[in-house]
There are 2 protein chains.
Amino acid sequence: MVTRTASERREERRQAYDAYLKECPARQLLDRISDKWVSLVLVALSDGPRRYSELNHTIAGVSQKMLTQTLRSLERDGLVTRSITADVPVRVDYELTPLGHKLMPVMAAIKSWAEENIEDVLASRERYDRSRPDND
Amino acid sequence: MVTRTASERREERRQAYDAYLKECPARQLLDRISDKWVSLVLVALSDGPRRYSELNHTIAGVSQKMLTQTLRSLERDGLVTRSITADVPVRVDYELTPLGHKLMPVMAAIKSWAEENIEDVLASRERYDRSRPDND
DNA sequence: CTGAATCCGGTCAGATACTG
DNA sequence: CAGTATCTGACCGGATTCAG
């Protein structure tokens with residue numbers, strides 16, 4: 001037929017909405033800081049520059065790949081700077097930019113809410129799980 | 001040998017760190033609100049209760065599965081309530097709890113930062129990408 | 001020391017079909 | 001109307017290996 005099917009129209013709506021979401025600043029920021037390693041790196045850099053190896057040690061669980069990937073994306077977004085000292089062996093320092101520093105209060109707000117309310121959340125979870133022991 | 005290898009000790013460190021992260025309140029909150037649909041649902045509910053079908057329509061891109069899953073997890077965490085009206089057809093309303101409402105300022109802080117700084121971030125991205133056109 | 005490249009196993013979101 | 005159940009393909013993180 002010539003007219004679009006319902007599913008086709010739904011698909012169009014979905015794509016338009018996806019495009020809308022991609023442009024939403026808050027969505028983009030959430031995608032950035034919600035990354036598992038991003039927040040840890042930001043915190044690790046919050047009180048001064050750090051070497052790659054320092055970060056790798058401080059954030060014990062991270063793999064080289066993920067650490068590098070995270071740092072690259074943060075550099076791309078202008079949140080951290082990367083400075084190479086052509087020594088032997090090579091030395092690379094990462095540091096928060098002013099823009100990166102401006103992000104810290106937001107992180108603090110998240111942390112603050114979490115610490116104040118996490119007990120309620122955990123209690124609610126327990127209650128929920130106890131009331132439905134079958135759904136696992 | 002009897003002594004643990006370096007990789008074994010590293011593995012232990014990693015697991016200990018993972019456990020530590022799982023207990024970190026801020027990490028847990030980030031995991032929660034960073035979920036793609038959670039923020040959208042919270043915003044959609046921020047000015048009053050909504051029916052399932054309303055949410056499904058408002059958040060155009062979401063699938064039934066994801067919407068239900070998201071709502072369940074929010075209910076489990078005590079952020080929204082679910083109330084069924086045994087009618088024909090069934091009617092289900094979702095509403096923010098007080099705890100859920102308390103989360104809105106945090107969302108607002110994120111949104112605010114994003115709207116104020118997204119341009120800098122985007123500009124930085126363009127600059128970065130222009131300077132390395134080969135890395136794609 | 002810092003990082004790139006590759007492979008791979010698990011996870012997760014979406015489509016589809018079915019139910020009270 | 002408001003879900004549940006199942007399947008599947010895409011994506012992602014980690015381990016490993018190689019390089020400047």
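Every chain is numbered from 1 and lettered A, B, ... according to where its sequence line falls, protein lines coming before strand lines.
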(message) If we count only N and O atoms by modelled type, under 3.5 Å, do the side chains of B/Y94 and B/R82 hold a donor and an acceptor together?
(response) yes
(message) Does C/dG14 have its OP1 or OP2 closer than 4.0 Å to a side-chain nitrogen or oxygen of B/W37?
(response) yes
(message) Can you tell me if B/R51 touches the phosphate of D/dC1, counting only side-chain N or O atoms and a distance under 4.0 Å to OP1 or OP2?
(response) no
(request) Of all the heavy-atom pairs spanning A/I118 and A/E115, show the shortest one and how long it is. (result) CG2-O, 4.2 Å
(request) State which of C/dG14, C/dA4, D/dT4 makes the closest approach to the side chain of B/Q64. (result) D/dT4
(request) Identify which nucleotide among C/dT2, D/dT6, C/dG20 has an atom closest to any side-chain atom of A/S53, counting heavy atoms from C-beta outward. (result) C/dT2
(request) Taking all heavy atoms of A/L67 and all of A/V41, pick out the closest pair and write down the distance. (result) CD1-CG2, 4.1 Å
(message) When you compare the side chains of A/E116 and A/S112, does any donor N or O come within less than 3.5 Å of an acceptor on the partner?
(response) yes
(message) I want to confirm an ordering. Mapping A/R91 and B/S63 to their closest nucleotides on DNA chain C, which one lands closer to the 5' end?
(response) A/R91
(message) Counting only side-chain nitrogens and oxygens, does B/Y52 get under 4.0 Å of the OP1 or OP2 atom of D/dT4?
(response) no
(request) Round to a whole Å and report the spacing from NZ of B/K36 to C1' of D/dA10. (result) 13 Å
(request) Rounded off to whole Å, could you give me the CG-to-C1' distance for the B/D35 and C/dT11 pair? (result) 14 Å
(request) Please state how far atom CG in B/L55 lies from atom C1' in D/dG3, giving the value in whole angstrom units. (result) 14 Å
(request) Please confirm whether the backbone N or O of A/V43 pairs with a side-chain atom of A/S46, one donor and one acceptor, at under 3.5 Å? (result) yes
(message) At a heavy-atom distance below 4.0 Å, what parts of residues 66-89 of chain A sit against DNA chain D?
(response) A/M66, A/Q69
(message) Whether the A/R27 and B/S39 side chains hold a donor-acceptor pair (N or O, under 3.5 Å, no angle test) is what I'd like checked.
(response) yes
(request) Rounded to the nearest angstrom, tell me the gap between atom CG in A/D31 and atom C1' in D/dC12. (result) 14 Å
(request) Answer yes when B/D77 and B/R32 have at least one side-chain N-carboxylate O distance shorter than 4.0 Å, and no when they do not. (result) yes
(request) Starting at atom NZ of A/K65, determine the distance to atom P of D/dT17, rounded to an integer number of angstrom. (result) 15 Å
